[in-house]
Every structure is written in structure tokens, then in C-alpha cells.
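Report on one structure; see the data block that follows.
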Amino acid sequence: MTVLLFTQLFQTVQADEYYPDWQSYVSAHQLTSYTYNDITDAIDEVLDAALASYKSGDTEDALSKVADAKNNYWGASGFKIEMQKQLPSAAKKTTESDFTTLNTSIKNGMSYDDVVIAKDVLIADLRLSANKLDGVEEEIDIIEERESIATELYAEQYYATWEAYSAAAGLTENWTYNNVADAMSEVFRLAKELYASGDMTGAYNCINDGYYGFYETTGFERNTMGFISGARKSEVELQFSACKAETKGGTEEAFVKAVDVLRTMIRTDANRLDGVDEDGNGDSTGRSVAVAKFIACFTIILREGFEAILVVGAIIAYLVKTTGDKSEEERKKQLRPVYIGSIVGIVLSFVSAWLLNLLKLANSASQEVIEGVTALIAVAVLFYVSNWMVSKSESEAWDAYIKSKVGDAAKKGSSFALAFTAFLAVYREGAEVILFYQPLLGDDNKNMVWLGFVLGCVCLVFVYLAIRLLSVRLPLKPFFMVTSILMAVMSIAFLGGGIKELIEGDVITMSSPAWVAWIPSNAVLEVLGIYPIVQTIVPQLILLVITIITFVFFIKRNNKLKAEMEAEKSKN
């Protein structure tokens with residue numbers, strides 16, 4: 001209805017006329033009433049004008065129009081204020097971040113395709129908020145199914161994997177992600193047919209084939225994560241899970257809609273990765289396959305390694321700080337188990353990746369289950385270490401602990417716990433990174449793969465040094481509190497990520513009702529393991545409550561110990 005209204009209005013307004021603010025736009029279009037979706041439509045037009053300026057080489061005008069969209073439309077129309085009043089704070093923050101990303105992309109001279117992606121993400125987030133404020137169900141622009149060579153081949157035979165399909169189609173080299181999307185569309189088409197015939201198991205298996213036989217094995221997942229975003233990869237993975245959930249008690253209408261949304265997401269991402277629009281226009285090599293590989297590899301190692309570095313860096317900084325009065329030899333002795341745990345984690349990552357490939361378990365439900373179980377074990381260890389650290393946050397409590405342990409806190413269980421924590425943090429991310437990189441090293445442009453890896457590792461070194469050097473300057477109590485809180489946050493993040501892996505591994509069935517569906521998808525929430533899923537949110541909330549209770553308990557206990565020791569000193 002909104003599109004029809006604007007189409008009629010545009011007949012009386014010059015298409016090339018630009019309106020710098022919402023009020024002049026309303027006047028020109030003679031709008032007596034409007035919705036937040038109408039405002040989003042107007043912002044979309046302003047940003048299209050910004051893209052046109054950028055494409056023509058006028059960066060300053062493009063930045064000016066982005067500023068108009070943010071301040072004179074989103075802000076001046078009341079859209080921003082209503083988001084702040086009626087929606088969770090994350091919605092407004094996400095939109096502000098999207099505007100910043102678009103602005104930065106233009107300032108840094110990113111490719112036109114990358115700027116278009118930034119603009120599309122911004123509009124998608126605005127549309128989501130507009131739908132909630134307007135009280136309407138989100139309208140999904142479903143891309144129509146198209147005929148392809150896959151249509152002909154699947155009419156004769158079903159192919160459950162990309163390896164089998166690509167051989168039949170003669171796509172052993174120089175294939176695109178739209179070729180993959182063509183095959184997946186036929187897999188999804190059969191899934192809908194099987195569901196309609198009452199074969200829920202067959203429909204379920206088709207969705208699984210689409211994920212394990214195509215999305216993971218072709219590098220689609222890796223490149224989506226690296227070139228688009230980790231949050232987008234999670235969105236697609238969860239949509240796969242949503243489709244499978246509909247085969248276990250849903251309706252045909254809901255299943256068809258879920259599958260069509262998934263198919264549209266796959267096609268949209270294929271276009272982004274290939275560098276073409278919905279009609280296939282554009283040069284798929286214009287962005288350079290080599291550059292795309294570099295970005296993907298750099299992002300993957302940086303994202304996956306960041307969580308491990310946070311944990312390992314905090315543990316090492318903690319040991320350095322609490323052994324400051326000891327000799328260099330003693331300090332090395334206490335740091336050694338953590339280094340060993342990290343190295344063992346790296347070695348076992350390679351061994352696990354090799355075994356998964358050898359046993360044909362890579363890119364399968366078994367891999368997801370292994371990753372999920374590892375993450376949940378890490379949750380328990382991180383939670384233990386977090387509470388152990390906060391229990392020593394008072395210097396008096398630490399002194400008493402040191403004395404009770406005869407001056408060596410790291411000789412027994414605490415040393416093993418810290419080393420095991422470092423091992424799990426590295427191992428959890430390491431095997432996944434290796435499995436991501438393996439197919440990329442088998443293609444051309446290996447130098448770009450290694451370049452992305454090396455530069456990502458260099459960035460991680462700086463993250464580690466920042467944690468190590470800055471933490472040493474902190475007084476003991478703030479340092480212990482910050483470190484223990486970091487460990488607690490990571491345990492909650494690992495809990496969400498681990499359960500998500502089990503959902504993808506078909507161990508748990510997901511559900512996403514309205515009270516969690518509002519949770520957005522972005523890089524920050526992805527790192528924190530927060531998803532719009534009941535099965536992840538509820539356990540995380542429970543763990544959060546338990547964490548707060550234990551923190552309060554240890555802080556009170558520390559205060560009591562401090563008071564007792566001060567009283568003892570006053571007597572003497």
C-alpha cells in the first residue's frame with residue numbers, strides 16, 4: 001500500500017528533485033498523515049541520492065546527504081525519539097552504528113558495492129524498527145525463484161551435496177555463489193514439496209542438505225562471515241534452524257515462508273559475494289576475488305581469535321600482577337602452565353580438524369555438537385575462575401589467601417584451572433578457524449589468504465599487549481574485579497554460542513517467540529553470544545542471576561574479612 005501511494009505521488013513530483021529535510025519532503029508530497037515506514041522510504045531515497053553522488057565522485061555531497069538522512073529525516077521526523085521511547089536501547093544504538101559505518105565507508109573511499117551494502121544494512125535495520133513502531137508484521141521482499149541449469153538437473157536427479165551437483169553441472173572451476181544459490185533453491189523447492197505431501201522427515205533432510213551439503217562445504221558460510229559479517233552468518237544459520245523447527249510441529253504456511261526467507265537470504269548474500277545485483281548485473285570480479293579472500297581471512301582470524309586473546313591475555317596479566325614480588329624464575333614457573341595450555345590448544349586444534357576431515361565429520365552436525373560441548377565446558381571453567389578471582393578482589397583477602405597457601409597460590413588447583421581455561425579458550429576457536437581456512441588454501445590467491453591471516457594475528461598481538469600492559473597499571477582490587485567480570489561475561493557469551501552450536505547440530509530445537517524476536521543482529525551481540533532464541537536467552541539470564549548472586553556473596557565476604565583483619569590490627 002505504501003509503495004502504491006508513493007508511486008502515485010511521484011507522478012506529480014520530479015524524480016530528480018532533492019529534499020534536504022523531512023518537512024520539505026512532506027510538503028512536496030502533500031502528506032497529511034504518514035507512518036514510520038513512510039519515513040524509512042524517504043530516508044531510502046535520500047541515501048540513494050547519496051550513493052549517486054558517491055558513484056559520480058562527489059564524496060562531500062554524499063556525506064552531506066547521509067547527514068541529511070540522519071539529522072533532518074531520522075532525527076527531525078521524530079523517528080529517532082520514538083525508537084528511544086518505545087524500543088529497546090539496542091535498536092537506536094544499532095541504527096546510529098549503521099549511520100557511522102556508512103559514513104566511514106564513504107570517507108575511507110570504500111568500493112561502491114561496499115557502500116551499497118552499508119546502506120542496505122542501515123535501511124534493513126530502520127525497516128525493522130519502523131515495522132515495530134507501526135505495529136505491522138515485517139514485510140519480507142522475497143526474491144522470486146528463477147529457472148537455471150539446476151532446475152533442469154534436479155528435475156532428473158536429486159543432488160544432496162555441492163560436490164555431486166557441481167560435477168553434474170560441469171562447475172568444477174570458475175563457479176559463483178549464485179551457482180550455489182541456484183542448487184540450494186532446488187533443494188529448498190523439494191523440501192516444500194515433501195512438506196506438502198506430509199513427508200516431514202524428507203523436508204527436514206533437505207534443509208540439512210542445504211546447510212551441510214552446500215552452505216558450509218562451498219565456503220559460503222566462511223565468506224559470509226568474513227566479507228559480510230559474523231552476525232549475518234548467524235542470521236542465516238538460525239534461519240536454517242527455524243526451517244527445521246517448522247518440520248517438527250509447524251504449519252505448511254509457516255514452513256514455506258521460513259524456507260522462502262532463507263532462500264532470499266542465500267540469494268542476497270550470493271549477490272553480495274559475487275558483486276552483482278538481483279538481475280545479475282555487475283562485474284563479479286570487479287571487487288577482486290583476491291581482495292574478498294583477504295577480507296574474509298583477516299576478519300575470521302580477528303573475530304575468532306579475539307575471544308581467545310581476551311581470556312588468555314587476562315589470565316597472563318593476572319598472574320604477572322599477582323606474582324610481582326617474586327623472582328623472575330618463579331614468575332615464569334607460574335606462567336608456564338598457561339602458555340603450555342595455549343600451545344596444547346593450538347596443537348589439538350590442528351589434530352581435531354584433521355580427525356574431523358578424516359572421519360568425514362567436518363561440516364556436519366557432529367562438528368557443531370563438538371564445538372557446542374567444548375563451549376559449555378568452557379562456560380563451567382570460566383565461571384569457576386571468575387568467582388575465584390572476585391573472591392580475592394580485596395588486597396586483605398589476597399594477603400590472607402597467600403599466607404594460607406604458604407606464598408604460592410598457583411601450585412595446586414588454581415594453576416590447573418587457569419591453564420585449562422587458556423586451553424579451552426584457544427581450542428574452541430582454533431579448530432573452527434582451521435576448518436574455515438582449509439578450503440580457501442586449496443584455491444587460487446593463497447598469498448591473500450596468508451596475508452589476511454598474518455595481519456589478523458598482528459592485530460591480535462596488539463590486543464594482547466594492550467590487555468597485558470594496561471592491566472599492570474591498575475590497582476589490585478579494580479584489576480581483580482575487571483578481570484573476574486570479563487571472565488563472567490565470556491562465560492555468558494560462551495553459553496549462548498555453545499547452545500547455538502547444539503541447535504545447529506540438531507541436538508536442541510530452537511524457538512523465537514515475539515518476546516525475544518526483537519533482539520537485533522550485530523557484531524557486538526554476536527561476540528556476546530546473544531541471539532533471539534529462547535533456548536539461549538533463558539540459560540544466559542539464569543547464569544547472569546547466579547553470577548550476580550555469587551559476586552555479591554564474595555564481595556560481602558571480602559568486606560567482612562577486611563573488617564576482621566583491621567580489628568585484629570587495632571588490637572595489636
Side-chain angles (χ1 to χ4, degrees), residues 1-83 91-92 94-107 110-134 136 138-143 264 268 271-272 277-279 281-282:
M1 181 62 72
T2 301
V3 175
L4 179 60
L5 172 63
F6 272 78
T7 301
Q8 294 171 341
L9 289 170
F10 288 158
Q11 294 176 357
T12 60
V13 180
Q14 289 186 350
D16 58 350
E17 192 166 355
Y18 178 76
Y19 304 98
D21 57 68
W22 171 244
Q23 197 54 52
S24 61
Y25 185 93
V26 169
S27 299
H29 292 80
Q30 301 176 2
L31 297 179
T32 56
S33 63
Y34 48 82
T35 66
Y36 291 102
N37 269 288
D38 293 334
I39 300 173
T40 303
D41 289 338
I43 293 175
D44 197 4
E45 289 182 33
V46 174
L47 295 180
D48 278 341
L51 289 177
S53 296
Y54 185 71
K55 193 171 186 178
S56 68
D58 194 343
T59 300
E60 291 301 319
D61 188 58
L63 290 171
S64 174
K65 285 181 168 62
V66 172
D68 288 344
K70 181 179 180 181
N71 302 319
N72 301 340
Y73 280 78
W74 185 51
S77 66
F79 196 163
K80 178 180 178 181
I81 293 176
E82 289 307 310
M83 284 176 64
K92 173 176 163 289
T94 298
T95 301
E96 288 175 336
S97 176
D98 289 342
F99 270 114
T100 300
T101 300
L102 177 58
N103 212 50
T104 303
S105 298
I106 293 174
K107 280 184 177 179
M110 299 290 283
S111 71
Y112 178 73
D113 288 336
D114 291 333
V115 176
V116 170
I117 290 173
K119 177 257 185 183
D120 288 343
V121 170
L122 168 57
I123 291 300
D125 286 333
L126 279 174
R127 187 73 64 191
L128 188 63
S129 296
N131 286 329
K132 290 171 182 175
L133 292 174
D134 289 340
V136 299
E138 183 180 359
E139 295 181 9
I140 302 169
D141 186 14
I142 300 294
I143 297 177
T264 296
T268 300
N271 288 332
R272 290 179 180 179
D277 59 22
E278 288 186 16
D279 297 322
N281 298 320

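FYI, side chains are in, hydrogens and waters are out, and symmetry mates aren't considered; it's all heavy atoms of this structure. Residue numbers run from 1 in the order of the sequence given.
Side-chain N or O atoms of D58 include none that pairs as donor or acceptor with a backbone N or O of S53 at under 3.5 Å. With hydrogens and angles ignored, the 3.5 Å screen pairs a side-chain donor or acceptor of R127 with a backbone N or O of N37. Under a 3.5 Å cut-off, the side chain of S105 and the backbone N or O of M110 do not form any donor-acceptor pair. In this structure, the side chain of S77 engages the main chain of Y73 through a donor-acceptor pair within 3.5 Å.
Residue F99 holds its CZ atom at 10.5 Å from CG of D125, rounded to the nearest 0.5 Å. Annotation: the span from W74 atom CH2 to I81 atom CD1 amounts to 10.5 Å, rounded to 0.5 Å. Taking CG from L126 and OG1 from T94, the interatomic distance works out to 10.5 Å, rounded to the nearest 0.5 Å. Atom-to-atom distance recorded for L51:CG and L102:CG is 7.0 Å, nearest 0.5 angstrom. To the nearest 0.5 angstrom, K107 atom NZ is 6.5 Å from L63 atom CG.
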Residues K80, E96; criterion salt bridge (Lys or Arg N to Asp or Glu O under 4.0 Å); working and verdict: CA-CA 10 Å; K80 178 180 178 181; E96 288 175 336; 3.8 Å; yes
Take L133 and F79 through the side-chain contact (heavy atoms from CB on, under 4.5 Å) test and state the conclusion after the steps. CA-CA 9 Å; L133 292 174; F79 196 163; 3.6 Å; yes
Stepwise, does the side-chain contact (heavy atoms from CB on, under 4.5 Å) test hold for L47 with K65? CA-CA 7 Å; L47 295 180; K65 285 181 168 62; over 6 Å; no
Stepwise, does the side-chain hydrogen bond (donor to acceptor under 3.5 Å, both in side chains) test hold for E45 with Y25? CA-CA 11 Å; E45 289 182 33; Y25 185 93; 3.0 Å; yes
Verify side-chain hydrogen bond (donor to acceptor under 3.5 Å, both in side chains) between T101 and D98, making sure each step is shown before the conclusion. CA-CA 5 Å; T101 300; D98 289 342; 5.2 Å; no
If you apply the rule side-chain contact (heavy atoms from CB on, under 4.5 Å), what do you find for W22 with L31, and how did you get there? CA-CA 11 Å; W22 171 244; L31 297 179; 4.2 Å; yes
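Among residues two or more places apart in sequence or in another chain, the side-chain contact (heavy atoms from CB on, under 4.5 Å) test is passed with D44 by D48, K119, I123.
Note on residues 39-66: no pairs pass ring pair (Phe, Tyr, Trp, His ring centres under 6.0 Å), not counting sequence neighbours.
When only modelled atom types and interatomic distance are considered, N103 and T100 share no side-chain donor-acceptor pair under 3.5 Å. In this structure, a donor-acceptor pair under 3.5 Å is absent between the side chains of S64 and D61.
Ring geometry, H29 versus Y19: the interplanar angle exceeds 60°, so the pair is classed perpendicular (tilted spans 30 to 60°).
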